[in-house]
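Notes follow once the structure below has been shown.
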Amino acid sequence: MALVLSTKNKDFFEQVYQVVRLIPSGRVTSYGAIANYLSVKSAARMVGWAMNASHAHLDIPAHRVVNRIGLLTGQHHFDSPNRMQELLISEGVEVENNLVIDFTKLFWDPMLELNLD
DNA sequence: AGCATGACGAACA
DNA sequence: GTGTTCGCCATGC
């Protein structure tokens, strides 16, 4: 594995994975929202990094994580360029032109969802 | 050590 | 409302 992670961001990665695993099927969230939830507000890019490394973790629904406007920016990192969109559609998420329809409606904010009882 | 890049996001112009 | 710039922080060259 080319990625050699320091203890610091290794912990960060694990936290990201934990949150991503909690995303319900048919819902989506953003990199920034996860970063914000982890109190690393300006580390949205690091969340994307974590997802890139999520290849080692088979139970990470990375397709449910898109950018702040609902764009499937990570589609190219899947097996097939269309894989991410297909996975979302199979869960009932409408996707058109790599953009999640009704993104704000399907948006799953860990900050809210995990704090509210 | 410096420079470029990236699954991002917010602030400006 | 669109395009550009900057901040963020880890990685690769």
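Sequence lines set the chain letters: A, B, ... in the order given, protein chains first and strands last, and positions in each chain run from 1.
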Handout entry: Where protein sits on nucleotides 2-9 of chain B, one letter per nucleotide: B base, S sugar-phosphate only, - none, heavy atoms under 4.0 Å
Key = ----BBBS
Problem - Any donor-acceptor N/O pair, A/Tyr31 side chain to A/Trp49 backbone, under 3.5 Å - result: no
Handout entry: With A/Val66, the side-chain contact (heavy atoms from CB on, under 4.5 Å) member among A/Leu71, A/Leu72, A/Thr29, A/Val93
Key = A/Leu72
Practice task
Look at the side chain of A/Arg83 and the backbone N and O of A/Phe78, then say whether any donor-acceptor pair between them is shorter than 3.5 Å.
Solution key: no
Exercise for the section: Output yes when a side-chain donor or acceptor of A/Arg27 lies under 3.5 Å from a complementary backbone atom of A/Leu106, and no otherwise. Expected result: yes
Practice task
With P as the reference atom in both, quote the distance from C/dT5 to B/dA4 in angstrom, rounded to an integer.
Solution key: 15 Å
Handout entry: Residues in ring pair (Phe, Tyr, Trp, His ring centres under 6.0 Å) contact with A/Phe103, at least two apart in sequence or another chain
Key = A/Phe107
